[in-house]
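Values below: all heavy atoms of this structure, side chains included; hydrogens, waters and symmetry mates excluded. Keep in mind the model is a prediction, meaning the values are calculated, not measured. Index from 1, following the sequence.
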Amino acid sequence: MKYRCVAGIFLLAAGLLSWSCKQSSSSNTDTDKDEANTITPVVNFNGDTAYAYVKKQLALGPRVTGSEGNRLCRDFIISTLERHGATDIKVQEGEVTTFTDKKLPIANIMASYNPDTKDRILLVAHYDTRPWADSDEMEENRVKPIPGANDGASGVAVLLEIARQLNAKKPNVGVDLLFVDAEDYGQASGFSTHDDSWCLGTQHWVKNMPYASDSLPRYGILLDMVGGLNAKFHREYFSDRYASRIVDKVWSIANRSGFGDRFVNKTGGSVVDDHIFLCEAGIPTIDIIESKSDATGTFPATWHTMDDNINNIDKSSLTAAGQTVLNTLHNEIRCLK
């Protein structure tokens with residue numbers, strides 16, 4: 001993903017926010033009153049397990065799209081989902097063209113819980129890693145693929161631990177998990193002019209979605225870079241612009257779950273990420289991402305560098321993101337049978 005200047009942003013369809021079942025048990029958005037409505041978790045997210053999932057991905061090496069590490073990571077995700085009782089596991093294969101005109105084989109992975117429930121929530125993370133550490137301070141590192149502990153592995157790890165917990169206790173709603181490929185192959189030069197060079201796997205997926213137009217998920221949550229040291233998740237700009245009521249819901253639940261210090265109820269950066277293309281496809285999707293780091297004002301300092309390694313992964317950050325999403329799912333009221 002990349003940081004995006006808000007000048008000249010595109011407009012989405014006017015009806016994007018018209019989704020069914022607008023009332024839910026977690027609709028309170030007044031964070032000043034949240035403390036009186038503390039949420040007791042139905043299931044407890046395990047940060048140690050999520051951390052172990054990050055380490056397992058790193059042991060596969062860089063997961064650059066089209067590489068052996070990428071294929072091994074795909075196999076790891078599928079086998080873990082199978083072990084955790086996911087159903088309808090599907091691999092959507094295809095080919096995309098990068099900004100360098102390179103043809104890349106991609107594979108998006110999707111799995112479900114409560115597959116017969118029409119009212120569905122979509123959870124998303126990318127599993128590929130950046131081919132180049134082009135933000136590294138050392139010039140010799142800029143041609144190396146990043147380890148991708150935070151930028152890639154953290155979101156996948158949180159979704160896999162969520163899958164484990166969904167297998168133990170299913171929520172009232174249906175849940176689909178989507179692991180997308182080729183998110184991080186985009187063009188960094190030419191600020192704000194190459195947005196469509198990013199998120200190639202998601203762009204392919206939305207052109208071939210497994211949903212009918214009248215049965216889209218009610219909303220989606222994207223998890224990206226959720227494992228940084230003492231990470232704080234501000235309200236990402238595009239999420240707030242096009243799915244503000246979902247941001248309100250999730251940030252309120254985070255506060256009521258004891259993570260108000262991590263989910264900062266203030267606007268963060270504007271990020272070109274998978275959620276934008278999902279919003280365009282009619283699924284209002286928010287991005288839980290560290291986009292306004294205390295140290296940098298934008299992404300964490302490890303972004304697209306060789307320092308994106310296990311030493312800079314924080315179990316408490318993984319837990320804050322994962323438990324918040326689990327609490328969101330378990331506090332939903334089913335709208336459709």
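- D181 and N70 are linked by a side-chain donor-acceptor pair at a separation below 3.5 angstrom, with hydrogens and angles left out of the test.
- Taken together through direct or relayed side-chain contacts under 4.5 Å among Ile, Leu, Val, Met, Phe, Trp and Tyr, M110 and I106 form parts of separate hydrophobic clusters.
- Note: E290 CD to D151 CG = 11.5 Å, rounded to the nearest 0.5 Å.
- Residue V247 forms a side chain to side chain contact (heavy atoms under 4.5 Å, CB included) with just one option from D240, D287, I288, and that option is D240.
- Of all heavy-atom pairs between G152 and Q57, the closest is O-OE1, 4.3 Å.
- If you check the side chains of S112 and D88, you find no donor sitting under 3.5 Å from an acceptor.
- D273 and H126 form no side-chain donor-acceptor contact under 3.5 Å, judged by distance and modelled atom types alone.
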Exercise for review: Begin with the C-alpha distance, continue with both residues' side-chain angles, and end with the deciding distance and a verdict on side-chain contact (heavy atoms from CB on, under 4.5 Å) for T328 and Y219.
Suggested key: CA-CA 12 Å; T328 299; Y219 63 86; 3.3 Å; yes

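- Within the model, atoms CZ of F45 and OG1 of T324 stand 10.0 Å from one another, a figure rounded to the nearest 0.5 Å.
- No donor-acceptor distance shorter than 3.5 angstrom exists from the side chain of S257 to the backbone of F259, with no hydrogens or angles considered.
- Follow the hydrophobic side-chain contacts under 4.5 Å out from L222 and you reach M209 in the same cluster.
- W132 approaches G186 most closely through the heavy-atom pair CZ3-O, 4.2 Å.
- Cation-pi contact between K170 and Y113: absent, since separation from the ring centre below 6.0 Å together with deviation from the ring axis within 45° is not met.
- In this structure, CD on Q203 lies 12.0 Å from CG on N208, to the nearest 0.5 angstrom.
- Hydrophobic clustering, with ILVMFWY side chains joined whenever heavy atoms are under 4.5 angstrom apart, keeps V272 apart from I146.
- By the criterion of side-chain heavy atoms lying less than 4.5 angstrom apart, applied directly or through intervening Ile, Leu, Val, Met, Phe, Trp or Tyr residues, I286 is grouped together with V226 in one hydrophobic cluster.
- At distances below 3.5 Å, not a single donor-acceptor pair connects side-chain atoms of S316 with backbone N or O atoms of D314.
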Check your understanding: Checking side-chain contact (heavy atoms from CB on, under 4.5 Å) for the pair V175/L329: CA distance, chi angles, key distance, verdict?
Key -> CA-CA 8 Å; V175 181; L329 296 175; 4.0 Å; yes

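- Ring pair W198/H304 is parallel by interplanar angle, where below 30° counts as parallel and above 60° as perpendicular.
- You'll find the side chain of N150 stays beyond 4.5 Å of the side chain of N312, heavy atoms only.
- Across all non-hydrogen atoms, the minimal contact from T87 to P115 is OG1-CG, 3.4 Å.
- We find the CG-CG distance between L318 and N46 to be 10.5 Å, quoted to the nearest 0.5 Å.
- Rounded to the nearest 0.5 angstrom, I109 CD1 and I77 CD1 are separated by 4.0 Å.
- Contact of the N114 side chain with the P171 side chain is registered, since non-hydrogen atoms from C-beta on lie closer than 4.5 Å.
- Between R218 and V173, some side-chain heavy-atom pair lies under the 4.5 Å cut-off.
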Exercise for review: Take Y53 and V156, measure what side-chain contact (heavy atoms from CB on, under 4.5 Å) needs, and give me the verdict at the end.
Suggested key: CA-CA 8 Å; Y53 287 147; V156 170; over 6 Å; no

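- Residues L159 and L177 share a closest heavy-atom pair of O-CD1, 4.1 Å.
- Considering only heavy atoms from C-beta on, S252 stays 4.5 Å or farther from F263 through its side chain.
- With Q323 contributing its side chain and V43 its backbone, the two residues share a donor-acceptor pair below 3.5 Å.
- Checking side-chain atoms of R63 against main-chain N and O of G148 turns up a donor-acceptor pair under 3.5 Å.
- Residue E140 places its CD atom among more than 12 non-hydrogen atoms of other residues, nucleotides or ligands, all under 6.0 Å distant.
- Remark: the backbone N or O of Q92 is not paired with any side-chain donor or acceptor of N108 at under 3.5 angstrom.
- Although no hydrogens or angles enter the test, the distance criterion places no donor-acceptor pair under 3.5 Å between the side chain of E183 and the main chain of Y127.
- In this structure, R120 pairs ionically with D176, as a charged nitrogen and a carboxylate oxygen lie closer than 4.0 Å.
- Distance alone, capped at 3.5 Å, places no donor-acceptor pair between the N141 side chain and the E137 backbone.
- Side-chain contact between T65 and V96 is absent, with no heavy atoms from C-beta onward closer than 4.5 Å.
- In this structure, M138 and M306 have side chains that are not in contact, with every pair of non-hydrogen atoms separated by 4.5 Å or more.
- Ring-plane geometry between F299 and W303 is classed as tilted, the angle between the planes lying from 30 to 60 degrees on a 0 to 90 degree scale.
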Exercise for review: Could you walk me through whether R262 and S317 pass side-chain contact (heavy atoms from CB on, under 4.5 Å), step by step?
Suggested key: CA-CA 8 Å; R262 296 305 190 101; S317 298; 2.7 Å; yes

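- Of all the heavy atoms in Y51 and I310, the pair that sits closest is OH-CG1, 3.4 Å.
- The shortest side-chain heavy-atom distance between D184 and T129 does not fall under the 4.5 Å cut-off.
- Between the side chain of N327 and the main chain of A254, no donor-acceptor pair closer than 3.5 Å is present.
- Minimum heavy-atom separation, A321 to L223: CB-CD2, 4.1 Å.
- In summary, of the residues considered (D307, D308, T305), a side chain to side chain contact (heavy atoms under 4.5 Å, CB included) with S135 occurs for T305 alone.
- Counting heavy atoms from C-beta on, the side chains of T117 and R334 come closer than 4.5 Å.
- Y237 and V264 are not part of a single hydrophobic cluster, where members link through side-chain heavy atoms under 4.5 Å apart.
- Under the 3.5 Å distance criterion, with hydrogens and angles disregarded, no donor-acceptor pair is assigned to the side chains of S244 and R235.
- Checked by atom type and distance alone, the side chain of S197 never pairs as donor or acceptor with a backbone atom of F99 at under 3.5 Å.
- For T202 (side chain) and C199 (main-chain N/O), no donor-acceptor pair under 3.5 Å exists by modelled atom type.
- To the nearest 0.5 Å, atom SG of residue C73 and atom NZ of residue K56 are 12.0 Å apart.
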